[in-house]
Structure formats: structure tokens, C-alpha cells
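One structure below.
Counting starts at 1 for both ligands and their atoms, following the listed order.
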Amino acid sequence: MNSSPIGVFDSGLGGLTAVKRLAQLLPHEEIVYLGDTGRVPYGSRSRETIIKYAREDARFLLSHSIKAMIVACNTVSSSALDVIAPEIAVPVFGVVEPPSARAAALTKNGKIGVIGTAATVRSGAYAAAIARIDAKLTVTSAACPLFVPLVENGRVSADDIAVTTIARDYLQPVIDSGADTVILGCTHYPLLAGAIALVLGEGVTLVDSGAVTAEFVAERLRSADLLTDRAKPGRRRYFVTDSAEDFAAQASRFLEADISGTVEQITLG
Ligand code: DGL
């Protein structure tokens, strides 16, 4: 039993996809979220810069005496986790392995698509994780660099012609591959799930990397007896490196709850 908070970080808003699922599964747990909104996006940056930012994010969460950390950013999970995880004294979970295992279990034709930022696709982390599970599975990856700015600007509707035009262009290689299961390998992408599903067409299953990782972490913490015995709902605190008001407005819409009193702007580094 352990009543310390669970720490979650992302470069911005996207990691809330993991928080939302975690809060549904573990309502009594305290959660500390860090969104590095002042420096988003990470996905177009060099590996050295991503490692530097990730170290600062992790250090901030550790200062809140967390019992476990979710790196709810695919870019960091795929490009920097191997470097930062050994430096962290609590269990650390990235968002690559759990969705890879889920996709491998779900695919019927053995063809998996992976979409993510340029850094995530460049890292090859998903293809490697899937090959470790089953070397016979084929993986087709596509970088979708404009998806994050679209989400950060609230352009997520499947009726938005800009969104569907860009999605058609990016997703064509995945469509051509015949993949029946596609990993949303970026925590922002579930917000575009409607448009992505429309473009990919019927019969394609989407795997939400943040939500699947939250399910995996909940199970791990439960089996390690690391959950709280608190009877009341756990406190939620959100820290950002740019405007707290802007984040609160966007996050409240996304989480379908008013979080404005719980967001604080901080400085990292
Ligand atoms: N959170 C990042 C990810 O999941 C997307 C945003 C960014 O590029 O920083 O890859």
C-alpha cells in the first residue's frame, strides 16, 4: 500500500489521454501532471534536446515524492527512456510497450500501422517492440508532424477539411499496407481519432497508446500492492510551463471537468 501520487508528464496536453483513463481506473489515486507547454513540440527536436527536457520533467515530478512515473509522451518514450529510466528511483512506464503488446494481440492479418511524430518514427521503437513480441508481424510507420499543431490549436473535428486532407496524405502508406490495427503512437492523436478512423476506413482498430498504458500501469501497481487505501477521491494537480489559464481551458474541455483551480505555471531547468 502506498498513498504517494502517481506522476505523469508530457510535452503538452496529449498526456491527458493517459490521465483520463488512469483517473477512471484508479479514482482514489493522487495524480501530479506536468505538461511542458512552454516547449511543446518535442517531436521535431533532436534526441539530445529531448533527453535534456525529459530529465528536467522527471526531476520536477520526483520533487513531488511520486511512487511511479508515466512518461505519457511517445517522443520521450521512444527516444529518451533508455537514458532517463535508469536515473529514476521509482518505477517508470513509457507508452511504447503496452500498446505494442495490445496491437500484436488485436491484429488478425498480422499487419500493424504506427503513426507518430518524426522523432518517434525515426527511433524505430515501436517496430522494435513489436518485433520482440512476434517477428512475423509487419509494421508500417508514418510520421504525421502537423497533427500535434492541429490538436494544440483545437482543430480536431472529422468535419474539418484541413484535418482530413492532411490525414489522407499522411495515412496513405498505412492504408496501402493493409494494416488492420493502427497504434496512435502520439498521445495527442486520440483527440483526432474520429478523423483518423474516417480516413483509414472501416475494419481498422485504433490503439490509444496513453489509455492502454494507463490500463497497464493500473494493473502493475495493483499487483505490486502500490495502490492507496484512501477512501476519498484522489487530488489532481496540473503543472505547466506556459499559461495556466490556456491549459485549464483546453484541458477542462478534454477531461470534461473544470480543472481551472488546480493548474499552476512553473519554470523548469
Ligand atoms: N507528446 C508528443 C508525443 O506523444 C507529441 C507532442 C510533441 O511533439 O511534443 O509524441
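- Under the salt bridge (charged side-chain N to carboxylate O under 4.0 Å, His left out) criterion, the residue pairs touching residues 102-131 are R102-E215, with sequence neighbours excluded.
- Listed by first and then second residue, the salt bridge (charged side-chain N to carboxylate O under 4.0 Å, His left out) pairs that reach into residues 77-90 are R47-D82, R55-E87, sequence neighbours excluded.
- Under the side chain to side chain contact (heavy atoms under 4.5 Å, CB included) criterion, V32 pairs with P5, L61, H64, F239, sequence neighbours left out.
- Using a 4.0 Å cut-off between a side-chain N of Lys or Arg and a carboxylate O of Asp or Glu, E56 and K52 qualify as a salt bridge.
- Aromatic pair Y33/F9: centroids not less than 6.0 angstrom apart.
- A heavy-atom cutoff of 4.0 Å around ligand 1 is satisfied by the protein residues D10, S11, V40, P41, Y42, G43, C73, N74, T75, T117, V148, C186, T187, H188.
- Y42 and D10 form no side-chain donor-acceptor contact under 3.5 Å, judged by distance and modelled atom types alone.
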